[in-house]
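Below you'll find the structure, written out as structure tokens, and then a few comments.
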Amino acid sequence: MAVKIKLKRLGKIRAPHYRIVIADSRTRRDGRAIEEIGKYQPTYNPSIIEVDADRVAYWLGVGAQPTEPVLAILKKTGDWQKFKGEPAPAPLLVAAPKAVRPSFDALGGDDEGKGEAITQKKKAEKKDEAAAESASTEA
């Protein structure tokens with residue numbers, strides 16, 4: 001039985017994410033897997049790559065063959081170089097944590113309402129003028 005390290009596709013139609021799995025080479029792309037050893041989410045910026053390095057080293061040691069996309073991922077994480085005994089690549093980019101927006105209370109906001117709108121509605125002005133003219137003509 002030939003064992004492959006390949007990607008298993010999950011997610012919606014235009015929002016894919018993948019699991020890195022160990023599977024028999026004869027199974028379907030999304031078929032039954034022997035073991036899940038990582039995940040890959042390409043739609044995030046930068047993309048999220050998580051791999052269990054110990055399990056990858058074990059499976060490569062017993063003869064599992066990575067597919068081309070998985071080989072590219074393993075080269076980025078440095079697991080392939082570690083297996084081959086080559087120098088490690090530069091570290092991956094890690095997304096910076098998002099800055100937390102200050103809350104209304106932290107900005108010193110007060111809850112006092114002004115009670116009125118700053119500008120008045122145009123219709124109300126016309127009605128008031130019409131009522132004032134009719135009142136002045138009647139008087």
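Throughout, numbering of the chain's residues begins at 1 and tracks the sequence.
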If hydrophobic clusters are built by linking Ile, Leu, Val, Met, Phe, Trp and Tyr wherever their side-chain heavy atoms come under 4.5 Å apart, do V21 and V3 end up in the same one?
no
Could you go through W80 and V56, starting from their C-alpha distance and side-chain angles, then the distance that decides it, and tell me whether this counts as side-chain contact (heavy atoms from CB on, under 4.5 Å)?
CA-CA 9 Å; W80 184 254; V56 169; over 6 Å; no
Would one find more than 12 heavy atoms of other residues, nucleotides or ligands at under 6.0 Å from atom CZ of R9?
yes
Taking everything shown except R55 itself, do over 12 heavy atoms lie less than 6.0 Å from its CZ?
yes
Group every Ile, Leu, Val, Met, Phe, Trp and Tyr by side-chain heavy-atom contacts under 4.5 Å, then state whether L74 and F83 land in the same group.
yes
In Å and rounded to the nearest 0.5 Å, what is the NZ to NE2 distance from K8 to H17?
10.5 Å
Verify same cluster id: I37, I49 (apolar side-chain graph, 4.5 Å)
yes
Spell out, yes or no, whether Y40 and V51 are grouped together once hydrophobic residues are joined by side-chain heavy atoms under 4.5 Å, including indirect joins.
yes
For P16 versus P42, what's the shortest heavy-atom pair and its separation?
O-CD, 3.8 Å
Exercise: identify the closest heavy-atom pair between I34 and D24:
CD1-N, 4.3 Å
Restricting to non-hydrogen atoms, name the atom on K6 and the atom on R28 that form the minimum distance, rounded to 0.1 Å.
NZ-O, 3.5 Å
Looking at OG1 of T43 and NZ of K12, how far apart are the two atoms once the value is rounded to the nearest 0.5 Å?
11.0 Å
Min side-chain heavy-atom separation Y18-P69 under 4.5 Å
no
Please name all residues satisfying ring pair (Phe, Tyr, Trp, His ring centres under 6.0 Å) with Y58, sequence neighbours left out, ordered by chain then number.
none
Output the distance between atom CG (D79) and atom CG (D54), rounded to the nearest 0.5 Å.
9.0 Å
Report yes or no: does S47 contribute a side-chain atom to a donor-acceptor pair with the main-chain N or O of Y44 at less than 3.5 Å?
no
Output the distance between atom CG (L7) and atom CZ (R19), rounded to the nearest 0.5 Å.
12.0 Å
